[in-house]
Amino acid sequence: MDDVKFGEILEPGDDEARADREQAVRDGFWKTLRRAAGRIPFARDVVAAYYCALDRDTPATARGVLLAALAYFVMPADLIPDVFAVVGFSDDVAVLTAAFAMIRGNLRPVHYARADKALAEAG
């Protein structure tokens, strides 16, 4: 992981890159979250980030950072394959943590309310 810089992974990208990432996130988020739920300590924050990233009122740069982090989360191939039970999601956790630090002020109560509702319905 030392060779990969979070800035490279979390680059907001242009409109086309954001659109591609948004589609990847929409397609794979819930499936990946179900697989990872017991291995990531902040599932509620990840779901709130999902809703924040899809919220058109979220500034474009913050949306881009979140979409990049969430796209990394849903990618089937990343630095440490998610099939490894104990460490598989550790790189995803690191990327998501860095993204949260970058955009924390953009996660609003409405995003957490939607996350709570979605998690309650899934639970």
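Residue numbers count from 1 along this sequence. For clarity, every value in this text was computed on a predicted model and none was experimentally measured.
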Lys/Arg N to Asp/Glu carboxylate O, D55 vs R63, below 4.0 Å: no
Which value, rounded to the nearest 0.5 Å, describes the distance between L70 atom CG and T32 atom OG1? 10.0 Å
Whether R114 and E121 form a salt bridge (side-chain N of Lys/Arg under 4.0 Å from carboxylate O of Asp/Glu) is what I want to check. no
When rounded to the nearest 0.5 angstrom, what is the spacing between CG in L67 and CZ in R26? 9.0 Å
Atom pair CG (L66) and CG (N106), whose distance is rounded to the nearest 0.5 Å: 7.5 Å
Which heavy atom in A24 sits nearest to a heavy atom in V74, and how many Å separate them? O-CG2, 3.7 Å
Distance check, rounded to the nearest 0.5 Å: R21 atom CZ versus E16 atom CD? 11.0 Å
Residue pairs passing the ring-ring contact (aromatic ring centres under 6.0 Å, His included) test where at least one lies in residues 14-63, sequence neighbours excluded: F29-Y50, W30-Y50, F42-F100
How long is the straight-line distance from CD of E22 back to CG of L54, given to the nearest 0.5 Å? 5.5 Å
By side-chain contact (heavy atoms from CB on, under 4.5 Å) - contacts of A48 (at least two apart): L107, H111, Y112, A115
Has T58 got a side-chain atom pairing as donor or acceptor with C52's backbone, closer than 3.5 angstrom? yes
